[in-house]
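Keep in mind that this is a model prediction, so the values were computed, not measured.
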Amino acid sequence: MSQTVVLKVGMSCQGCVGAVNRVLGKMDGVESFDIDIKEQKVTVKGNVEPEAVFQTVSKTGKKTSYWPVEAEAEAKAEAEAKAEAVTETKTEAETKTEAETKIETKVDAKADVEPKLAEAETKPSQV
């Protein structure tokens, strides 16, 4: 599965860029990568796991962390997933309430019929 991993890497010179370039160039699954020394941002695309990319870049000795925007996007995705779960639970509860209402309606209808049957049974038949 191809995905994009964005890291914040402490790079202060072209030597730092070269070190990151070297380890990413050897990493399996990497299709492409971009190193931005000004923003200290490394973007890796390919069939890679985020943790594997993180560990590989960390081996250069440079301070490495996930790019903050990525963390915010993950938090947003988790929040959306929780909202969907709440909606599904609410829908189940509403469906259950509707079913309970139908059952109560049937019970009430029977209650109306049973007294009439009881009255009919107690009255002597007029023959």
Side-chain angles (χ1 to χ4, degrees):
M1 181 175 81
S2 187
Q3 60 181 333
T4 302
V5 180
V6 184
L7 301 174
K8 183 174 179 70
V9 183
M11 300 173 287
S12 58
C13 65
Q14 287 303 312
C16 298
V17 171
V20 174
N21 188 26
R22 204 167 23 261
V23 295
L24 289 176
K26 293 178 184 177
M27 187 175 178
D28 289 335
V30 174
E31 295 169 4
S32 66
F33 57 89
D34 180 60
I35 302 172
D36 185 337
I37 189 171
K38 185 178 177 186
E39 288 190 40
Q40 299 195 357
K41 184 177 185 179
V42 176
T43 306
V44 181
K45 294 180 183 177
N47 188 16
V48 292
E49 292 296 320
E51 185 61 25
V53 174
F54 182 89
Q55 292 298 324
T56 299
V57 174
S58 293
K59 289 179 183 177
T60 63
K62 307 302 169 204
K63 184 177 178 184
T64 306
S65 62
Y66 289 102
W67 193 257
V69 174
E70 183 113 347
E72 290 172 14
E74 288 175 9
K76 185 177 179 182
E78 287 177 15
E80 288 174 358
K82 286 180 183 177
E84 283 181 22
V86 168
T87 302
E88 287 175 13
T89 305
K90 200 180 267 187
T91 303
E92 289 172 7
E94 289 170 355
T95 303
K96 190 173 182 181
T97 304
E98 288 174 9
E100 289 171 352
T101 304
K102 288 179 183 176
I103 291 170
E104 288 172 7
T105 304
K106 287 181 181 177
V107 170
D108 289 344
K110 262 188 175 177
D112 289 342
V113 172
E114 287 176 3
K116 291 178 184 173
L117 288 175
E119 286 176 19
E121 291 173 5
T122 56
K123 288 183 180 177
S125 61
Q126 296 175 352
V127 180

Participant: Are T64 and K8 close enough that some pair of their side-chain heavy atoms sits under 4.5 Å apart?
Facilitator: no
Participant: Restricting to side-chain contact (heavy atoms from CB on, under 4.5 Å), what partner residues turn up for E49, sequence neighbours left out?
Facilitator: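 side-chain contact (heavy atoms from CB on, under 4.5 Å) list for E49, sorted by chain: Q3, A52.
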Participant: Measure the shortest side-chain to side-chain distance between W67 and L7 over non-hydrogen atoms and say whether it is less than 4.5 angstrom.
Facilitator: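 Heavy-atom side-chain distance check fails, nothing below 4.5 Å.
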Participant: Walk me through it: do V9 and V20 pass the test side-chain contact (heavy atoms from CB on, under 4.5 Å)?
Facilitator: CA-CA 9 Å; V9 183; V20 174; 4.1 Å; yes
Participant: Rounded to the nearest 0.5 Å, what separates atom CG in N21 from atom SG in C16?
Facilitator: 12.5 Å
Participant: Compare all side-chain heavy atoms of V6 with those of V42 and state whether any distance is below 4.5 angstrom.
Facilitator: no
Participant: Taking C-beta and beyond as the side chain, do V48 and V5 meet within less than 4.5 Å on heavy atoms?
Facilitator: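 In contact.
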Participant: According to side chain to side chain donor-acceptor pair (under 3.5 Å), does anything in residues 33-48 pair up with another residue at least two apart or in another chain? List the pairs.
Facilitator: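 Pairs touching residues 33-48 that pass the test: none.
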Participant: Distance-only, no hydrogens or angles: does the S58 side chain make a donor-acceptor pair with backbone N or O of T56 under 3.5 Å?
Facilitator: no
Participant: Please report the C-alpha distance between I37 and Q14 in whole Å, then the side-chain angles of each, then the deciding distance to 0.1 Å, and finally whether the side-chain contact (heavy atoms from CB on, under 4.5 Å) criterion is met.
Facilitator: CA-CA 8 Å; I37 189 171; Q14 287 303 312; 4.2 Å; yes
Participant: Atom CE of M27 and atom NZ of K59: how far apart are they, to the nearest 0.5 Å?
Facilitator: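 Rounded to the nearest 0.5 Å, the CE-NZ separation comes to 9.0 Å.
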